[in-house]
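Per chain, numbering begins at 1; letters A, B, ... match sequence-line order. When reading the values below, keep in mind they use all heavy atoms of this one structure, side chains included, and skip hydrogens, waters and symmetry mates. If you're wondering where the values come from, they're calculated on a predicted model, not measured in any experiment.
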Protein chains: 2
Amino acid sequence: MTNERPPDRRVRRTKQRLDDALESLIIEKGYDKITVQDLIDRADVGRSTFYAHYETKDDLLISWTQLADDMELHMAHEQLDAGSAMPSLTLFRHLGEHHHLYKAMLGGRGIDIVTEMIHSTLLGHATSVLERRPDANDQTTIPIEVRAGFLASSLLALLTWWLDNDRPYPPERMDEIYEELTKTT
Amino acid sequence: MTNERPPDRRVRRTKQRLDDALESLIIEKGYDKITVQDLIDRADVGRSTFYAHYETKDDLLISWTQLADDMELHMAHEQLDAGSAMPSLTLFRHLGEHHHLYKAMLGGRGIDIVTEMIHSTLLGHATSVLERRPDANDQTTIPIEVRAGFLASSLLALLTWWLDNDRPYPPERMDEIYEELTKTT
DNA sequence: TTTGGTATAGAACATCATGTCTGATAACAA
DNA sequence: TTGTTATCAGACATGATGTTCTATACCAAA
């Protein structure tokens, strides 16, 4: 139904430039201090060109972080087969590999939109895991909703702390810690 | 040494007006959408008057949230005698009593500065509790720093979830849940 | 109640970022 | 080559910021 035509080469170039500008500026000065002016200066793109594609700064970020979001989902699927409840090890490894970027997006002065995106992804994962587990309600009377939120928030908090403190432990150790802290048996 | 003179009655009036304006505007439209123009309009205060006392919007917020921060500390002391590790029950009760304000400050579109302030307070409390406990390192090899961060973040996450979802359970139940989820014995 | 000090109001002002719109130009796909 | 379309450069209105000025009103203390 939706007739999707491949975008013009010029469009691709423009968007690529803006994406690159956004990423470098996030690492340099933090997202909230970036202005549209900064973006079009760095990308060397006309003012009207920016507004031809995006309405706001957030617009650009959202379409950009689709990539990051897809990554999370992809990793979640990878880990699903491993039997672990949450894809913690994979996440520590992946975020560690791109720590410059993720520290700027999750750490102290992070980007709310990105944090919410990742939290939402983790929450969905935790929920589906708990729902599929038959003995999920045997040990506790705490609603699944609450436990899933707890698992997601705890992992996000550990990841954020890890990045903020310049990754003092290897991903494997962080995974162990997460498992032990959230094991309420 | 520091000769602290009581502030002029006019100064007190102005600051009080700005504080009231800030609080009502936070609840109404959220902190990030507030402009200095909004504040001086609502407070009915001259533009130059605002800048005579504060440099930025954040300046006003910080001096304002000293009150909230002091409240947290006060509650922490109250609870210390009760023997519980974290002042969770007191916090759920207090935030529930002022849920309109705290939902706007902690919830989905919250205020980073306030969140960080509260988290910092909780972290300090958790750290001192764990440090004073003699058997703190018997059961686990996880560093105190990490466990304290986990306790603080978990409580903050539960509080935030509770406010965002319009407090579906009473404070007493939330306290139970928190104790059970963070009991890793 | 007066007096000297000071906070405030009101307004003007420069600056900056935003978002819209125009016509001319260049690059594109077919 | 041709018709289409993205881009550019620039102008423009708007709104918020932060500074500065003077006259005025208020205050605390004598």
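- The distance from atom CD of B/Gln37 to atom C1' of C/dT15 is 16 Å, rounded to the nearest whole Å.
- Projected onto DNA chain D by closest heavy-atom contact, B/Lys57 and A/Arg17 fall at different nucleotides, the more 5' of which corresponds to A/Arg17.
- Here C/dA7 presents its P atom at 14 Å from OH of B/Tyr54, a figure rounded to the nearest Å.
- Minimum atom distance to the side chain of B/Asp8 is reached by C/dA7, of the listed C/dA7, D/dG18, D/dA16.
- If you check C/dA17, C/dA9, D/dT19 against the side chain of B/Val45, the one that comes closest is C/dA9.
- Ring geometry, B/Tyr102 versus B/His98: the interplanar angle exceeds 60°, so the pair is classed perpendicular (tilted spans 30 to 60°).
- Interface remark: the A/Arg47 side chain does form a donor-acceptor pair with the C/dG19 base, using a distance-only criterion of under 3.5 Å.
- Between the side chains of A/Asp38 and A/Thr35, a donor-acceptor pair is found at a separation under 3.5 Å.
- Between A/His53 and D/dA6, a side-chain N or O to OP1/OP2 separation shorter than 4.0 Å is absent.
- Between D/dT20 and B/Ser48, no contact under 4.0 Å exists linking OP1 or OP2 to a side-chain N or O.
- The CD1-P distance, from B/Ile40 to D/dG15, rounds to 15 Å in whole Å.
- Set against D/dT17, D/dT7, C/dA7, the side chain of B/Val11 has C/dA7 as its closest nucleotide.
- Going from atom CD1 of B/Ile34 over to atom C1' of D/dA16 covers 15 Å, rounded to whole Å.
- At whole-Å resolution of the value, CG in B/Leu18 and P in C/dA7 are 15 Å apart.
- Linking Ile, Leu, Val, Met, Phe, Trp and Tyr whenever their side-chain heavy atoms come within less than 4.5 Å puts A/Leu130 and A/Leu155 in one cluster.
- Computed from coordinates, the A/Leu25 CG to C/dA17 P distance equals 13 Å when rounded to whole Å.
- Summarising the geometry, the separation between CZ on B/Arg13 and C1' on D/dA25 is reported as 11 Å, rounded to the nearest angstrom.
- Between A/Arg9 and C/dA27 there is no side-chain N or O to OP1 or OP2 distance below 4.0 Å.
- How far CG of B/Leu101 is from CD1 of B/Ile27: 5.0 Å, rounded to the nearest 0.5 Å.
- Within 3.5 Å, no donor on the side chain of A/Arg10 pairs with an acceptor on the base of C/dC28, nor the reverse.
- One can place CZ of A/Phe50 at 20 Å from P of D/dG10, the figure rounded to the nearest angstrom.
- At the heavy-atom level, A/Asp38 lies nowhere under 4.0 Å from the strands shown.
- When only modelled atom types and interatomic distance are considered, B/Thr140 and B/Arg147 share no side-chain donor-acceptor pair under 3.5 Å.
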